[in-house]
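Note on naming: letters A, B, ... go to the chains in the order of the sequence lines (proteins, then strands), and numbering restarts at 1 for each one. Side chains included, hydrogens not; waters and symmetry mates left out as well; all remaining heavy atoms used.
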Protein chains: 4
Amino acid sequence: MKSNRPKYHQIIDAAVRVIAENGYHGSQVSKIAKAAGVADGTIYLYFKNKEDILVTVFQEKMGQFIERTIDEINNRKTAIDKLATLIEMHIKQLSSNHHLAIVTQLELRQSNYDLRIQINQVLKPYLTVIDNIIKEGMEEGGFREDLKVPLVRQMIFGTVDEMVTNWVMKECKYDLIGEIPLISELILNGICQKE
Amino acid sequence: MKSNRPKYHQIIDAAVRVIAENGYHGSQVSKIAKAAGVADGTIYLYFKNKEDILVTVFQEKMGQFIERTIDEINNRKTAIDKLATLIEMHIKQLSSNHHLAIVTQLELRQSNYDLRIQINQVLKPYLTVIDNIIKEGMEEGGFREDLKVPLVRQMIFGTVDEMVTNWVMKECKYDLIGEIPLISELILNGICQKE
Amino acid sequence: MKSNRPKYHQIIDAAVRVIAENGYHGSQVSKIAKAAGVADGTIYLYFKNKEDILVTVFQEKMGQFIERTIDEINNRKTAIDKLATLIEMHIKQLSSNHHLAIVTQLELRQSNYDLRIQINQVLKPYLTVIDNIIKEGMEEGGFREDLKVPLVRQMIFGTVDEMVTNWVMKECKYDLIGEIPLISELILNGICQKE
Amino acid sequence: MKSNRPKYHQIIDAAVRVIAENGYHGSQVSKIAKAAGVADGTIYLYFKNKEDILVTVFQEKMGQFIERTIDEINNRKTAIDKLATLIEMHIKQLSSNHHLAIVTQLELRQSNYDLRIQINQVLKPYLTVIDNIIKEGMEEGGFREDLKVPLVRQMIFGTVDEMVTNWVMKECKYDLIGEIPLISELILNGICQKE
DNA sequence: AATGAATGAGTTTTCATTCAT
DNA sequence: TATGAATGAAAACTCATTCAT
């Protein structure tokens, strides 16, 4: 299996670094190969083509991202706690890895339509996690009962995503982690039962 | 002034059409020229380069977009009404022009970093409009007093933008306009004073 | 129409020269472009791709070849005269243009299957000319009446083609034109009525 | 001696199969290795390089081809019989092995100039056999006395070769063996004494 | 102002060959 | 002997931009 061999991860990590530093269009395959310390042709032993590198980068990194988020969420009892945890994890994980944040928020979105479709596939499980929290919250009674799940999910994801993107475009110059409580509160306010 | 000559708008409108139909990477200058009924070289009498066409497309179209939004907002009294109107206008204007929606939500985002920066410049006045509504709402007392303006603005814009993008990626197959009241309510819930 | 513009023929003639001198695989598009005195990209204004250059070279040159042959044949009365003229024209035309002979006898045959099919299409009218002479000869009574046309045509073409190829592979060092009478006689002997 | 080891013939036979099925340019070394059931690197223990495989294929197969032809010819008395036998053997041997026919008539000719030169070396003994039959025939009196040996040999080889090539290009769809008597007669007519 | 033919820089990908195991 | 992962050179083609008319 290819993903067990060390060069596989060498290449993926090099790709994240190179794309973050040079932008999507400035990241020639030869540049990634050099950064990974392999020959140009070696790339093609592990990846079908250049686009495949990008999809795989997203799959691998997003996979870990989602896994860690789920692990953390499972330790929480209420939907409110879970949602707050998801928001916190989302922001913390991207805050702690500037390169990855640049790639996911800016560079990967410059890809063509087909690649975007594939990226959305990878994202789907994450969106499902959000959906489930919303449903749970409505059942528990912590959230309002009249929520339309897809709309709320789009609000949650759209808000957090926009905030991370803004932060990246401002060159990560301010502290995003400190704003997590405010962001959580803002989102939760819109969907929690008013007592 | 260039924008008075007829070919200027011919080219811009052709660009929107061509990009919506062929995607960002399938929109060669020669294709836009052909669609506009002018020679390739003529493009360069009106625009500095290809990027300039794209920025201008966004400026012109977004300019109208913002203008119409402001006009409509000025007829409203309270910040709550104004914000609801902004959300409504945002969705209605993009809902009624699929080509433009495809270009703004999908294709233009595939551009390089520099173009994205310029696009953000164009968006700034719109974001300022949102900021002002928020401030007004806090002063009036309609909104909570402890809001952090940039955060709230990012929530509002992020939510609406995400919803339009989702709609476009689902090929505009469902009715987004019908969801405006729910979206407004969701957003306003998070920021209004609880009585 | 592309074939009226001067660069079209510049490129075709350069291609013949370059291929004859460097061989099929040594003839990069950039080399042909340089020899033609045009930019690499210009090639693609006139030809769909590299293979298209080769097919066109063959079409243009073979077209003239066949035309001249037919013109000359039309001045002869009997099938025997016509066939002798065809053999003479075939050898004379290739003998007088070493570059073209190298390309048709050696280099063009190194092409892939698809190109070979196309080349055969171009050759078809020539083979038909031969077929018609054979039929005429049988009707006139100059040739034996029991000839199988395709077989005889393959003998004629195979013999002449092999002789030109041998001559090219020996680097055109001996006089092929001087052997025309012997070649003609050899071929005619096999197919003429014995008195 | 390399040719005693089993993998040597495995590789050669695999090469014929792979080239016949995939064409000259579709026959990568790795594909031949796989078909032969050996590792890529193993190929280079038996052959200097890719070209060497091809030359060897031709040498081995043509060697057998010529050997069998000579064996058969030795059983004939007159030059006329010998020539008829050679023509018959040539066509029968290629007719009975489509893969080999495809390789010798089509694919191997797509090779570069150097390989073609080497292939001609391999063919030389065969051409000498033809030459000797012609000389014998002239001495015996069966053939005309004024024949120019190289010319006649080129006619014989050119004719038969062209016929086999035509048959292969028509995908071996008609019966070539049935035409052997006609072909022989056609050729012999041109060179035999007229009584 | 308008044209459109010409330019040429720039990049992904393939595949014969090597060599450490 | 045999392996097969790794190498890296090499080339067709696109398309934004120019400039002579």
Side-chain angles (χ1 to χ4, degrees), chain A residues 2 5-8 10-11 25-34 36-53, chain B residues 2 5-8 11 25-34 36-54, chain C residues 2 5-8 10-11 25-34 36-53, chain D residues 2 5-8 11 25-34 36-54:
Chain A
K2 281 177 183 176
R5 286 181 272 162
K7 308 223 162 174
Y8 179 81
Q10 261 175 61
I11 294 168
H25 289 109
S27 298
Q28 296 81 351
V29 172
S30 60
K31 211 179 260 176
I32 295 173
K34 200 169 185 182
V38 301
D40 292 15
T42 305
I43 300 273
Y44 291 88
L45 296 176
Y46 294 89
F47 302 93
K48 216 170 72 247
N49 51 36
K50 191 183 176 182
E51 190 175 298
D52 191 29
I53 306 176
Chain B
K2 282 178 182 177
R5 286 178 283 160
K7 307 216 165 175
Y8 179 81
I11 294 169
H25 289 109
S27 298
Q28 295 80 356
V29 171
S30 61
K31 209 179 260 174
I32 295 173
K34 198 171 186 182
V38 302
D40 293 15
T42 306
I43 298 273
Y44 291 86
L45 299 176
Y46 293 89
F47 301 93
K48 212 169 80 245
N49 51 34
K50 190 183 179 181
E51 193 176 294
D52 190 28
I53 307 176
L54 299 172
Chain C
K2 282 178 182 176
R5 285 181 272 163
K7 308 224 162 173
Y8 178 81
Q10 256 174 177
I11 294 169
H25 289 109
S27 298
Q28 295 82 349
V29 171
S30 61
K31 209 179 262 176
I32 295 173
K34 199 170 188 182
V38 301
D40 292 16
T42 305
I43 300 273
Y44 292 89
L45 296 177
Y46 294 89
F47 302 93
K48 215 171 72 245
N49 50 36
K50 190 182 175 182
E51 190 175 298
D52 191 30
I53 306 176
Chain D
K2 282 178 183 178
R5 287 179 281 161
K7 308 217 165 174
Y8 179 81
I11 294 169
H25 288 110
S27 299
Q28 296 80 354
V29 171
S30 62
K31 208 178 260 176
I32 295 173
K34 198 172 187 180
V38 301
D40 293 15
T42 306
I43 298 272
Y44 291 86
L45 299 175
Y46 293 88
F47 301 93
K48 213 171 78 245
N49 51 34
K50 189 183 179 181
E51 192 175 295
D52 190 29
I53 307 175
L54 300 172

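Here the side chains of Ile32(A) and Val29(A) are not in contact, with every heavy-atom distance at 4.5 Å or above.
Using a 30° and 60° split on the angle between ring planes, Phe47(D) and Tyr8(D) fall in the parallel class, below 30°.
Nearest nucleotide to the Leu45(A) side chain, out of dA16(F), dA6(E), dT7(F): dT7(F). Nearest to the side chain of Tyr44(B), among dT18(F), dC13(F), dT3(E), sits dT18(F). Closest to the Val38(D) side chain, of the nucleotides dT17(E), dT13(E), dT3(F), is dT3(F). The side chain of Gln28(D) lies closest to dA16(E) when the candidates are dA6(E), dA16(E), dT3(E). Closest to the Lys7(B) side chain, of the nucleotides dA2(E), dG4(E), dT14(E), is dA2(E). When distances are taken from the side chain of Val29(B) to each of dA16(F), dA5(E), dC13(F), the shortest belongs to dA16(F). Comparing dG4(F), dA9(F), dA2(F) against the side chain of Asp40(A) picks out dA9(F) as the nearest.
Pairing for dA16(F) is with dT7(E), a Watson-Crick or G-U wobble pair whose two hydrogen-bonding atom distances lie under 3.5 Å. Base pairing analysis places dT21(E) opposite dA2(F); the two distances defining the Watson-Crick or G-U wobble pair are each below 3.5 Å.
Across the protein-nucleic acid pair, Ile32(B) atom CD1 and dG4(E) atom P stand 17 Å apart, rounded to whole Å. Atoms OH (Tyr46(D)) and P (dT18(E)) sit 17 Å apart, rounded to a whole Å. Atoms CG (Asp52(B)) and C1' (dA16(F)) sit 14 Å apart, rounded to a whole Å. Taking atom CZ of Phe47(C) as the reference point, atom C1' of dT14(F) lies 18 Å away to the nearest angstrom. Atom C1' of nucleotide dA11(F) and atom CD of Glu51(C) are separated by 16 Å, given to the nearest angstrom. Atom OH in Tyr8(D) sits roughly 14 Å away from atom P in dT1(F) (whole-Å rounding). Distance Lys31(D) NZ to dA16(E) P: 10 Å, rounded to the nearest Å. As a whole-Å value, the separation of Lys50(D) NZ from dT14(E) C1' is 11 Å.
Shortest non-hydrogen contact noted between Lys7(C) and Thr42(C) is CD-CG2, 4.4 Å. A pairwise comparison of heavy atoms in Arg5(B) and Leu45(B) identifies NH2-O, 4.4 Å as the closest pair.
To the nearest 0.5 angstrom, Asp52(D) atom CG is 13.0 Å from Lys50(D) atom NZ.
Between Thr42(A) and Gly37(B), the residue whose closest nucleotide on DNA chain E is further toward the 5' end is Gly37(B). Residues Ala39(A) and Ala39(D) both approach DNA chain F. Their nearest nucleotides, taken by heavy-atom distance, put Ala39(D) toward the 5′ side.
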